[in-house]
Amino acid sequence: SFREKMDNDQCFPLSRIVEFVREQEWDVSDKFSEEDIKKGNAAAIGQVYNHILLELGISNDLLTCNVAQFDILTMTDHPELFKDSVPQSILYQCISWLFQGMGFHLDFGLRDLTHPTAKRTQKFLSLLINYYLFYNNLNLKAEKYENEVEDIAKKRNH
C-alpha cells in the first residue's frame, strides 16, 4: 500500500508524494512534479499544502481569507507589501496548528512556504499525507459502521 512506501526517515520518496498528489482531483494535481519539490516551487507546494488542509476539514473561507474585508492593511504605510503575506501567514498558522494537534513539535516555519527546500518539503508533505491516509481510513471505517447501524435499525423497524 501507499503507506508502506515510507523510508527509514519516515519520508515518502518524492515519486510517491507526486503520485499521491496526482491521484487527487485538485487543480494542481496533473501539473505537480518532483521538480516542483526539488526546485522549491513555493506556489505549487503551497497549493498542495492548501489542498491537503482542505481535505482534512480546514475551512476554505479561512484559507482564502479576503484581507481587504478586515481593514488590516489600512493600518500600514505600505499595504501592498503585506497583501500577499497575510494568506501565507494564515496557511502557515493552519499547518503549524495541525502539526501540533498531531503531536509533532516541528520546526515548520513561514520560510518553508516562502523558500521551501526539497528535504524539508519532503518531510512535511510526508507527515501530512500519512496523516491524511490515516484520517481518511478512520472516516471510511466510521461510515461503514454508521451504514451497518442504519441497516440494523431499518430491519428492526420493518
- line: Given the options V28, I17, N41, D36 meets side chain to side chain contact (heavy atoms under 4.5 Å, CB included) only with N41
task: Flag the pair H51 / V21 as yes when at least one side-chain heavy-atom distance between them is below 4.5 Å, and no otherwise.
output: no
field: Shortest non-hydrogen separation from V18 to F32 and the atoms involved
entry: CG1-O, 3.6 Å
- line: Closest non-hydrogen contact found for P13 with Q122 is CA-NE2, 3.8 Å
field: Considering all heavy atoms, the nearest P116-I45 contact
entry: CG-CD1, 3.7 Å
- prompt: Between Y131 and M102, which heavy-atom pair has the shortest distance, and what is it?
  reply: CB-CE, 3.5 Å
- line: Rounded to the nearest 0.5 Å, the CD atom of Q47 sits from the CG atom of L54 at a distance of 11.5 Å
statement: CG (L91) and OG (S96) are apart, to the nearest 0.5 Å, by 9.0 Å
message: Ring centres under 6.0 Å, that's the criterion: do F99 and F124 meet it?
response: yes
task: Mind checking the CD1-CG spacing from I58 to L98? Nearest 0.5 Å is all I need.
output: 6.0 Å
- prompt: Is there a side-chain hydrogen bond (donor to acceptor under 3.5 Å, both in side chains) between E55 and W26 once you walk through the steps?
  reply: CA-CA 10 Å; E55 292 291 333; W26 302 334; 3.1 Å; yes
task: Determine the minimum heavy-atom distance between C11 and K123, stating which atoms define it.
output: SG-CA, 3.5 Å
task: Apply the test side-chain contact (heavy atoms from CB on, under 4.5 Å) to residues T117 and R111: give CA-CA distance (whole Å), side-chain angles for both, the deciding distance (0.1 Å), then the verdict.
output: CA-CA 9 Å; T117 64; R111 187 160 178 80; over 6 Å; no
task: Could you tell me whether the side chain of D112 reaches within less than 4.5 Å of the side chain of Y92, counting heavy atoms only?
output: no
- request: Of all the heavy-atom pairs spanning L113 and Q88, show the shortest one and how long it is.
  value: CD1-O, 3.5 Å
query: Salt bridge between E19 and R16, side-chain N to carboxylate O under 4.0 Å?
result: yes
query: Strictly under 6.0 Å, is that where the ring centroids of F12 and F20 end up?
result: no
- request: Could you tell me whether the side chain of I52 reaches within less than 4.5 Å of the side chain of L125, counting heavy atoms only?
  value: yes
